[in-house]
Amino acid sequence: MRLILVGPPGAGKGTQAVHLAEHYRIPHISTGDIFRTNLQDGTPLGLKARSYMDRGELVPDSLTNEMVKDRLSRGDARGGFLLDGFPRNVTQAQVLDAMLAEQGVALDAVLELSLDNEEIIKRLSIRGRDDDRDEIIRKRLEVYSQQTAPIISFYRESGLLETIAATGEISDITASAIAALSRKRS
Ligand code: AMP
């Protein structure tokens with residue numbers, strides 16, 4: 001299974017990603033987590049990414065795409081993967097297509113977790129991560145609607161998109177994700 005999870009900040013992508021990766025036995029690749037690890041370790045990549053992350057902006061494609069390319073070329077991602085937080089704009093989506101084509105493989109599905117704005121703000125304000133402060137939340141939502149949301153139509157056009165509501169119990173959302181994805185693969 002080669003799967004992308006997409007949805008606004010606070011939709012629970014990270015949580016669902018863990019469950020889905022376990023279900024399909026594929027590595028969970030979160031670009032946000034990779035950036036945060038680099039930041040904690042003080043690597044050159046982390047230092048470069050920091051100011052963008054602090055402002056709630058996207059890290060430049062040049063840094064992000066290389067990092068993903070490197071991660072996807074590792075052995076454990078050869079048979080499948082779940083990408084969480086990538087692609088975040090149409091250019092990244094096109095670069096990903098090209099990377100996969102180079103490997104002779106393609107995506108199986110793109111799962112959109114949908115959530116309305118009011119619920120997003122409610123969830124993010126209780127999560128308390130460094131980039132969950134009010135003005136940064138607003139910025140991240142703006143970045144999502146302007147830069148990331150267009151990838152949803154991009155994938156809808158290629159017939160890969162499945163959308164589920166990201167509300168309710170975590171286990172129910174996982175179950176509806178798996179049901180939606182089995183429709184996609186059959
Ligand atoms: P996340 O944990 O997915 O919410 O990501 C946290 C932050 O990492 C984002 O606000 C961005 O600054 C950065 N980031 C994560 N994924 C990407 C990506 N695909 N492209 C650019 N920046 C990203």
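Both ligands and their constituent atoms are indexed starting at 1 by order of listing. A quick note: this is a predicted structure, and the numbers were derived from the prediction, not measured. The first residue of the sequence shown is numbered 1, and numbering continues consecutively from there.
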message: Can you see whether Q92 engages N65 through a side-chain donor-acceptor pair at a distance of less than 3.5 angstrom?
response: no
query: Between T167 and E119, is any side-chain donor less than 3.5 angstrom from a side-chain acceptor?
result: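 E119 and T167 do not have a side-chain donor-acceptor pair below 3.5 Å.
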message: Run R71 and D76 through salt bridge (charged side-chain N to carboxylate O under 4.0 Å, His left out) and show every step you take.
response: CA-CA 9 Å; R71 181 63 188 87; D76 66 336; 2.8 Å; yes
query: Looking at residues at least two apart in the chain, or sitting in another chain, which of them share a salt bridge (Lys or Arg N to Asp or Glu O under 4.0 Å) with R55?
result: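 Result, salt bridge (Lys or Arg N to Asp or Glu O under 4.0 Å) vs R55: E57.
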Give every pair made of an N or O atom of ligand 1 and a protein N or O atom lying under 3.5 Å apart, one pair per line with both atom names and the distance to 0.1 Å, or write 'none'.
{"from": "ligand 1", "atom 1": "2 (O)", "to": "R36", "atom 2": "NH1", "distance (Å)": "3.0"}
{"from": "ligand 1", "atom 1": "2 (O)", "to": "R36", "atom 2": "NH2", "distance (Å)": "2.9"}
{"from": "ligand 1", "atom 1": "3 (O)", "to": "R88", "atom 2": "NH1", "distance (Å)": "3.1"}
{"from": "ligand 1", "atom 1": "3 (O)", "to": "R88", "atom 2": "NH2", "distance (Å)": "3.2"}
{"from": "ligand 1", "atom 1": "4 (O)", "to": "R88", "atom 2": "NH2", "distance (Å)": "3.3"}
{"from": "ligand 1", "atom 1": "4 (O)", "to": "R129", "atom 2": "NH2", "distance (Å)": "3.3"}
{"from": "ligand 1", "atom 1": "5 (O)", "to": "R88", "atom 2": "NH2", "distance (Å)": "3.3"}
{"from": "ligand 1", "atom 1": "12 (O)", "to": "E57", "atom 2": "O", "distance (Å)": "2.6"}
{"from": "ligand 1", "atom 1": "16 (N)", "to": "T31", "atom 2": "OG1", "distance (Å)": "2.7"}
{"from": "ligand 1", "atom 1": "16 (N)", "to": "G85", "atom 2": "O", "distance (Å)": "3.3"}
{"from": "ligand 1", "atom 1": "16 (N)", "to": "R88", "atom 2": "NH1", "distance (Å)": "3.3"}
{"from": "ligand 1", "atom 1": "19 (N)", "to": "G85", "atom 2": "O", "distance (Å)": "2.9"}
{"from": "ligand 1", "atom 1": "19 (N)", "to": "Q92", "atom 2": "OE1", "distance (Å)": "3.1"}
{"from": "ligand 1", "atom 1": "20 (N)", "to": "Q92", "atom 2": "NE2", "distance (Å)": "2.9"}
{"from": "ligand 1", "atom 1": "22 (N)", "to": "V59", "atom 2": "N", "distance (Å)": "3.0"}

message: Could you check whether any side-chain heavy atom of D33 comes within less than 4.5 Å of a side-chain heavy atom of F35, counting everything from C-beta outward?
response: no
message: Could you go through R138 and E135, starting from their C-alpha distance and side-chain angles, then the distance that decides it, and tell me whether this counts as salt bridge (charged side-chain N to carboxylate O under 4.0 Å, His left out)?
response: CA-CA 5 Å; R138 267 196 296 280; E135 73 276 17; 5.6 Å; no
